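Below is one structure, written out as structure tokens; comments come after it.
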Amino acid sequence: MNKKFFLLFIVLLILPLTTLSTVKNIILFIGDGMGTAAVDLSRMVLLGKEKFWDFENTRYIGLQKTYSENLLTTDSAAAATALSSGHKTSNGLLGTLSDATATKSILKAFREVGRSAGLITTVTVTHATPAGFCVSMPDRDELAIADEYAETKPFDLIMGGGRQYFVPKSSTASKRTDNLNLIKNFQNFGYTYISNTAQLFELTGKTPKIIGLFSESSMPNALDRNYLNTPVPTLAQMTRTALNVLSSNPKGFFLMVESGKIDFRAHANDTAGTVWEVNELNEAFKEALSFLKKDPDTLILVTADHETGGLTLLYPRLQLIKSQKATNELIVSLIKNKDINQSLKTVHELTGIKDIKEEEIKKIKESSTPEIELSKILNERYEVRWSTVGHTCANVNVYAFGKKAELFTGVYENTELAIKMFSAAGVSPN
Ligand SMILES: [Zn+2]
């Protein structure tokens with residue numbers, strides 16, 4: 001046999017083995033509340049209508065149906081349970097069925113076989129989406145979830161906001177009713193605790209267990225970061241470190257990365273705020289994409305748990321939206337104690353919209369929901385409509401990259417996404 005044929009023979013021998021084998025690493029991005037219209041609008045505003053988000057640049061695209069067991073419109077708890085375990089459950093339930101049976105999540109399945117697991121979010125680490133991957137609880141009480149984390153240590157790495165649930169009541173800004181220090185508890189079990197960007201950058205891949213709590217409550221909105229100038233990391237910076245740390249396990253890892261504030265901004269119908277949180281997800285996704293180039297034995301998924309806000313795009317005034325310099329949340333907090341004239345000046349400055357009138361500022365100030373009032377005023381100018389301040393039951397997109405990405409095309413239930421992950425990784429859902 002000459003050399004050429006011998007090589008061909010070897011390739012033909014190996015090929016079926018490689019396609020049959022399973023994926024070592026899974027990186028799952030969840031844009032909380034990220035419907036198709038949010039993806040479209042943010043792309044048009046920040047990149048221009050002809051461009052694409054990096055996470056859109058794949059031919060392996062699917063749609064998942066988001067309804068929960070008891071309601072057409074899901075909450076993040078039931079959705080996280082479906083996405084993590086492959087079981088529909090009722091709204092409000094975390095990693096548990098209506099009959100109180102605990103579900104087994106993809107994260108648990110990874111750890112069972114000695115692979116590592118991590119969770120990252122821009123909201124509190126005890127919020128429904130990360131919690132739905134690692135606890136089994138009948139409600140979304142964040143204090144109880146923090147206690148459960150300390151009790152069971154269900155992850156190797158967790159990063160985000162929510163320090164208030166981990167520090168004793170004697171510390172300022174604690175939400176605890178006792179003097180337990182859960183951070184100390186984690187440290188006693190070998191976790192490295194970090195609380196700012198400098199410490200995040202100091203970590204090497206050799207720190208196996210990490211708890212990173214960068215703010216008391218949720219982390220600042222992406223659009224407000226420059227204005228506030230607080231030393232908190234971006235979702236991309238957390239993702240880069242997490243990938244570094246988790247990939248030190250030769251058996252592989254599961255990492256869930258949540259851009260959690262898409263949902264928060266969409267609940268407030270804050271158009272510019274929402275747009276920048278989708279960008280936050282895309283920036284983090286780019287870190288995963290460069291990791292995939294280094295380790296092709298990796299599957300990356302980008303999806304949402306549900307749509308929030310019922311965003312409708314008419315003739316969106318892209319440049320106007322792009323010129324907003326702070327979220328509606330921050331603007332409202334800045335004008336709270338200012339008189340009408342000062343408030344008008346701040347709103348003009350931070351939105352770039354000069355025709356906002358005194359009566360409109362008065363309306364914001366008199367409203368019991370001032371942020372929604374400001375959203376209404378701005379959205380009229382932006383020619384963007386939101387139909388609800390809650391969730392909707394629309395399907396959401398799934399974008400897949402890397403090994404086994406082809407499994408994720410088509411239209412399917414949110415539970416099916418989990419089943420596909422179990423099968424891609426060769427871990428048991430039972
Ligand atoms: Zn929500």
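For ligands, and for the atoms within them, numbers begin at 1 and follow the listed sequence. All of these numbers come straight from a predicted model, not from anything done at the bench.
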Heteroatom N/O/S of D32 within less than 2.8 Å of the Zn ion (ligand 1): no
Ring centroid separation F285 to F401 under 6.0 Å: yes
Metal-centred angle, NE2 of H391 through the Zn ion (ligand 1) to OD2 of D263, rounded to 10 degrees: 150°
Non-hydrogen side-chain atoms of L28 and T303 separated by less than 4.5 Å: yes
Any Y165 side-chain heavy atom under 4.5 Å of T124 side chain: yes
Minimum heavy-atom distance I321-P316, with the two atoms named: CD1-CB, 4.4 Å
H267: its N/O/S atom lying closest to the Zn ion (ligand 1) (atom name): NE2
